[in-house]
Amino acid sequence: MALKKTNQELITKIFKQTEKVYAKIADLDEIKANEGDVNVIEKITVNGTAVEVTDKTAAITVPTAVSGLENDAGYQTASDVETIAAGLVAASGHASVTTADEIPDAADAESNILYLVEDADGGYYDIYALIDGEMKHLGTTTVDLSNYSTTEEMNAAIAEAINGVDLSAYSTTEEMNTAIQSAVDNSGHLTEDDFEDFTDEEIEAAYEAAVADEDDD
């Protein structure tokens, strides 16, 4: 009896699973009847815009450069920055320098430009600027060294100064060395010559004996 009951329960489960399978098939048939495809995305939108789907594929283009995006925040490009910087420099009033073949007319000159006009000899430039509506000469690019000595003049002056110094009251290096050596020799202290007849062992023994005598005292 127990075996018969078990078989009955198994058959019941099989029928129930079969009913579920048929129900799924019915659902799929209904989807196809409504012109739908199972497990297929039928519509894709990007930011609200529909993207065409062809052969189950939707091609979505993603920008890979900043130029492909909308600059809604108004960020400046490198060219914009250069233009703005140039405008700020021009408006700051700082002077720039340019060369000119001749002195510009005041009507054509700009107040923030220094004009360098080459001298007729070509050795330097005269500097002009527009000041109070007139072209003013501000100076030249040359350097006035008339009050400075040349290297040859400095060397000659130094040599003359040295030759004019009286050094008769001063000893030479050789005289100083001789005097120092003489003072040492006459001081009563032992010199290097006093040890030339002794061996290193004898000198070391004498030193140790002297140290021992100091310890005894």
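Throughout, numbering of the chain's residues begins at 1 and tracks the sequence. Note: hydrogens, waters and symmetry copies are ignored here, and every other heavy atom, side chains too, is used.
Here CG of D119 is found 8.5 Å from OG1 of T140. Values are rounded to the nearest 0.5 Å. A distance of 12.5 Å separates CD of E174 from CE of M176, quoted to the nearest 0.5 Å. Atom CD1 of I44 sits about 11.5 Å away from atom CD of E52, to the nearest 0.5 Å. Note that CG of L130 is 9.5 Å distant from CG of N112, once rounded to the nearest 0.5 Å.
Atom CD of E175 is surrounded by more than 12 heavy atoms from other residues, nucleotides or ligands within 6.0 Å. Heavy-atom contacts from other residues, nucleotides or ligands closer than 6.0 Å to CD of E153 number more than 12.
When all heavy atoms of Y115 and E110 are compared, the pair lying nearest together is OH-N, 2.9 Å. When all heavy atoms are compared, the tightest approach of A129 to L138 is CB-CD1, 3.6 Å. The two residues M135 and P104 have their closest heavy-atom pair at CG-O, 3.2 Å.
The side-chain contact (heavy atoms from CB on, under 4.5 Å) test applied to L116 returns V97, T99, Y125, I127, not counting sequence neighbours.
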